[in-house]
Amino acid sequence: MAVVPASLSGQDVGSFAYLTIKDRIPQILTKVIDTLHRHKSEFFEKHGEEGVEAEKKAISLLSKLRNELQTDKPIIPLVEKFVDTDIWNQYLEYQQSLLNESDGKSRWFYSPWLFVECYMYRRIHEAIIQSPPIDYFDVFKESKEQNFYESQESVIALCTHLQQLIKTIEDLNENQLKDEFFKLLQISLWGNKCDLSLSGGESSSEKTDVLNSLEDLKPFILLNDMEHLWSLLSNCKKTREKASVTSVYIVLDNSGFELVTDLILANFLLSSELATEVHFYGKTIPWFVSDTTIHDFNWLIEQVKHGNHKWMSKCGADWEEYVEMGKWVYHDHIFWTLPHEYCAMPQVAPDLYAELQKAHLILFKGDLNYRKLTGDRKWEFSVPFHQALNGFHPAPLCTIRTLKAEIQVGLKPGQGEQLMASEPCWWTSGKYGIFQYDGPL
Ligand SMILES: O=P(O)(O)OC[C@H]1O[C@](O)(CO)[C@@H](O)[C@@H]1O
Ligand SMILES: [Mn+2]
């Protein structure tokens with residue numbers, strides 16, 4: 001087996017991982033507890049005293065979790081039976097087996113960051129499902145919805161742009177079509193700035209005019225493989241036989257504004273015939289604050305459809321139709337909310353790996369996907385992306401991510417070191433972005 005570097009971890013005092021575990025995660029937990037408190041009367045109205053008792057139970061489980069984390073207690077197995085409980089508990093055992101510490105117990109600050117951060121969100125879910133009748137409650141729903149509402153102006157601008165573009169799409173020459181494709185790819189990239197986990201759950205909506213900012217943002221694209229995406233898809237379009245398909249898979253990240261940018265891109269892929277179908281992968285449980293679940297996906301399309309603007313509602317109606325016609329297909333799979341790096345997918349979720357192998361292109365949105373693609377490890381900056389994927393090559397793939405974790409591969413020699421010297425937070429602030437492709441050229 002190939003030798004891989006160590007995992008990022010809270011052990012490295014002062015690192016972004018350390019600060020996330022020390023500050024950001026407890027802050028998110030506190031927000032979750034507050035949210036439950038604020039919904040007390042709603043739970044009472046819906047379920048009477050039982051609802052209030054359930055709210056108390058969930059809060060006490062979450063307070064216990066916060067205490068375990070803040071006092072660096074051992075990571076304990078999950079107790080509530082759910083579809084993935086056994087896989088999680090096996091993974092916990094596996095993590096313990098890697099330790100050679102005196103008591104051999106995984107701890108928050110001493111375990112891989114990717115593992116403990118995922119575990120925290122899974123424990124939040126456990127607290128909720130252990131508390132019926134409020135076991136359906138998405139503690140992050142409100143903030144996801146707020147992010148969407150606060151981005152209204154940008155959403156309208158994007159929908160209007162798309163609808164104008166579609167009107168004349170058949171008259172565009174190759175170069176014009178390519179330019180439009182690149183524009184929408186960049187919008188989807190910068191849409192990833194709007195996640196709510198980096199901001200500790202605080203509002204992080206899109207208030208600037210993204211469309212008119214693209215030129216100014218170009219210098220912040222550190223790796224730009226957009227040309228490869230164009231060659232691949234335009235080739236598929238040219239060589240495709242009648243009635244055959246080109247399918248693009250989008251492994252979604254955040255709901256709210258980012259999801260709008262992804263759906264705009266997906267709409268363009270169909271309208272331009274660069275793809276004939278788009279498959280979306282979302283999360284089965286509320287995840288990293290703002291990640292998209294099936295409820296968020298449906299909710300957002302419904303909101304866009306009922307938006308108070310002609311082109312916005314046209315987009316929403318079209319999107320609903322794509323779903324009905326099967327041109328857009330939403331999938332979820334428990335693997336996306338497990339702590340495993342993606343190179344483990346063939347063993348842990350062979351069915352999902354086999355599904356992904358059918359794609360002509362897979363787009364992985366966001367920072368967490370990048371961490372899982374590269375194993376969240378301390379790779380040298382200049383290590384090729386293909387190598388960091390560590391055997392995960394289901395189909396041609398591209399990561400579209402703004403940098404929010406101390407990991408980046410595939411840079412030119414010296415590039416990472418130079419950025420480090422001039423701007424220490426370059427890889428955690430979300431200011432920079434990448435399109436990084438792996439596949440046949
Ligand atoms: O929504 P995204 O782009 O995956 O970002 C989530 C990110 O939030 C953080 O976990 C911060 O807690 C990042 O380090 C993480 O990768
Ligand atoms: Mn996210």
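Predicted model, so just to flag it, every value in this text is computed and none were measured. When a ligand or atom number is given, it counts from 1 through the structure's own listing order. By convention here, the first residue in the shown sequence is residue 1.
One finds a salt bridge joining D262 and K365 here, because a Lys/Arg side-chain nitrogen approaches an Asp/Glu carboxylate oxygen to under 4.0 Å. Using a 4.0 Å cut-off between charged nitrogen and carboxylate oxygen, R371 and D376 count as a salt-bridge pair. Under a 4.0 Å N-O distance rule, the pair K378/E406 does not qualify as a salt bridge. Of the charged side-chain nitrogens involved, none lies within less than 4.0 Å of a carboxylate oxygen, so that K283 and D296 do not count as a salt-bridged pair. Salt bridge status for D253 with R401: absent, with no side-chain N to carboxylate O gap under 4.0 Å. Salt bridge K327/E321: absent, no basic N to carboxylate O contact under 4.0 Å.
Short contacts between ligand 1 and R24, defined as distances under 4.0 Å to a heavy atom of the residue, involve ligand atoms 11 (C), 12 (O). Close approach of ligand 1 to T20 is summarised as follows: ligand atoms under 4.0 Å from at least one heavy atom of the residue are 12 (O). Of all atoms in ligand 1, listed by their number and element, those nearer than 4.0 Å to a heavy atom of N192 are 3 (O). Residue R371 has at least one heavy-atom neighbour below 4.0 Å for each of these atoms of ligand 1: 10 (O), 13 (C), 14 (O), 15 (C), 16 (O). Of all the atoms in ligand 1, the ones that sit under 4.0 Å from a non-hydrogen atom of F288 are 10 (O). Those atoms of ligand 1 that come under 4.0 Å of a heavy atom in F16, given as number and element, are 14 (O).
Looking at L403, D253, L8, it is D253 that brings a heavy atom closest to atom 2 (P) of ligand 1.
At a heavy-atom cutoff of 4.0 Å, ligand 1 is contacted by the side chain of N254 but not by its backbone. With a heavy-atom cut-off of 4.0 Å, K365 does not touch ligand 1 at all. At a heavy-atom distance under 4.0 Å, no atom of R401 approaches ligand 1.
Annotation: H125 is in aromatic contact with F82 [ring centroid separation under 6.0 Å].
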Working for side-chain contact (heavy atoms from CB on, under 4.5 Å), residues I250 and F364: CA-CA 6 Å; I250 305 183; F364 284 90; over 6 Å; no
Could you please spell out the steps behind the salt bridge (charged side-chain N to carboxylate O under 4.0 Å, His left out) verdict for E320 and K305? CA-CA 8 Å; E320 197 173 71; K305 187 179 157 194; 2.8 Å; yes
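Because the distance cut-off is set at 2.8 Å, N254 qualifies as a neighbour of the Mn ion (ligand 2) through one of its N, O or S atoms.
For I124 against L62, the heavy-atom pair with the smallest separation is CA-CD2, 3.9 Å.
Here the angle centred on the Mn ion (ligand 2), running from OD1 of D291 over to OD1 of D253, is 80°, rounded to 10°.
Between D367 and ligand 1, a contact under 3.5 Å exists for at least one N or O pair. Between L368 and ligand 1, at least one N/O pair is under 3.5 Å apart. Taking distance alone, with nitrogen or oxygen atoms compared against 3.5 Å, W113 stays at or beyond that limit from ligand 1.
At a 4.0 Å cut-off, not a single heavy atom of Y370 sits close enough to ligand 1 to count as contact.
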